[in-house]
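Working notes, structure below.
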Amino acid sequence: MSYILTLLVAVVGSFAGMSVSYFIGRKFGYPLLEKHGRKIRITKEKLDHTRRWFKKFGKFALTLGYFIPGVRHLTAYFTGISGWRYRTFLSYAAPGAILWAFTFITLGKYLSKHWLAVTEAIHKYLLLGFVLLVLILILIWYLKRKPKMNQA
C-alpha cells in the first residue's frame, strides 16, 4: 500500500466521521438530550456542566480525543451541542485527524514486523495504567467525600 495514499484516506475518513458527529450534535444534540436524557440519567444540570467544561477544555479534548476510541466521536458531538462554528471545529479537529492518522499509520509502517509483540506490550501496560488511574480517581473521590475535622 502507498503510505501517502493510506495517510490521506485515513485523514479524510476520520475527519468525515467526526464531521458527521459534529453535525448530529449541532442539529439534534441538545434538544434530544434535554428531552430524553433523563432516561439515561442525563439531567439538564449535567448537560449545562458539560457545556461549560467543553467551552473551557473542548479544544484540547477535540484534538486529543482522537486517540481515545469512542471519546473521539463524543467530543465532536459535544462540540456541535456547544454551538461551535464549523470553522472553529475544523481548526481543532483537522490537526487531530492528521496527528492521529500519521501516528498510527507510521507506527504500523515501521513496527509491522514486530506488531504482535508491540500490541501485547501496549495492552499489558495500558491495562496497568487504567487500573492505576481508577485507583487514583477512587482515592481522590474518597478524600473529597471524607468529612473535614473541626478545627478549634
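To the nearest 0.5 Å, the span separating CG on Leu62 from OH on Tyr22 amounts to 10.5 Å. Atoms CD1 and CG, from Ile68 and Leu74 in turn, are 10.5 Å apart once rounded to the nearest 0.5 Å. The distance from atom CG of Leu133 to atom CG of Leu128, rounded to the nearest 0.5 Å, is 11.5 Å. Atom CG of Leu7 is separated from atom OG1 of Thr106 by 6.5 Å, given to the nearest 0.5 angstrom. The CD1 atom of Ile105 sits 9.5 Å away from atom CG of Leu8, with the distance rounded to the nearest 0.5 Å. For the atom pair OG1 of Thr43 and NE2 of His49, the computed distance is 10.5 Å after rounding to the nearest 0.5 Å.
Between the Ser14 side chain and the Val11 main chain, no donor and acceptor come within less than 3.5 Å of each other. Lys109 contributes no side-chain N or O that, together with a main-chain N or O of Tyr3, makes up a donor-acceptor pair within less than 3.5 Å. With hydrogens and angles disregarded, no donor-acceptor distance shorter than 3.5 Å links the side chain of Tyr77 to the backbone of Ile24. Of the possible donor and acceptor atoms, one in the side chain of His123 sits under 3.5 Å from a partner among the backbone N and O of Thr119. Without hydrogens or angle criteria, Arg26 side chain to Trp84 main chain gives a donor-acceptor distance under 3.5 Å.
Proximity of Thr75 to Met18: side-chain heavy atoms (C-beta onward) are separated by under 4.5 Å at one or more points. Two residues are said to be in side-chain contact when any heavy atoms from C-beta on lie closer than 4.5 Å; Ile81 and Phe54 fail this criterion.
Under the 4.5 Å side-chain contact rule for hydrophobic residues, Phe15 and Val9 do not share a cluster. Hydrophobic clustering (ILVMFWY, side-chain heavy atoms < 4.5 Å, transitive): Leu64 and Leu107 are in distinct clusters. When hydrophobic clusters are built by joining Ile, Leu, Val, Met, Phe, Trp and Tyr residues whose side-chain heavy atoms come closer than 4.5 Å, directly or via intermediates, Tyr125 is grouped together with Leu132. No path of Ile, Leu, Val, Met, Phe, Trp and Tyr side chains, each step under 4.5 Å between heavy atoms, connects Leu126 with Val134, placing them in separate hydrophobic clusters.
The environment of Tyr92 atom OH is sparse: at most 12 non-hydrogen atoms of other residues, nucleotides or ligands sit within 6.0 angstrom. Heavy atoms from other residues, nucleotides or ligands lying under 6.0 Å from CZ of Phe60 number 12 at most.
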Requested in this report: Would you check, one step at a time, whether the test side chain to side chain contact (heavy atoms under 4.5 Å, CB included) holds for Leu5 with Met1?
Outcome: CA-CA 8 Å; Leu5 184 59; Met1 288 196 311; over 6 Å; no
**Report entry** side chain to side chain contact (heavy atoms under 4.5 Å, CB included) between Arg85 and Phe89, intermediate numbers included
**Finding:** CA-CA 6 Å; Arg85 292 179 41 215; Phe89 168 78; over 6 Å; no
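Exactly one of Glu45, Arg52, Lys46 qualifies for a side chain to side chain contact (heavy atoms under 4.5 Å, CB included) with Asp48. That residue is Arg52.
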N/O donor to acceptor pairs below 3.5 angstrom from side-chain atoms of residues 93-104, sequence neighbours left out:
residue	atom	partner	partner atom	Å
Trp100	NE1	Tyr66	O	3.4
Thr103	OG1	Leu99	O	2.7

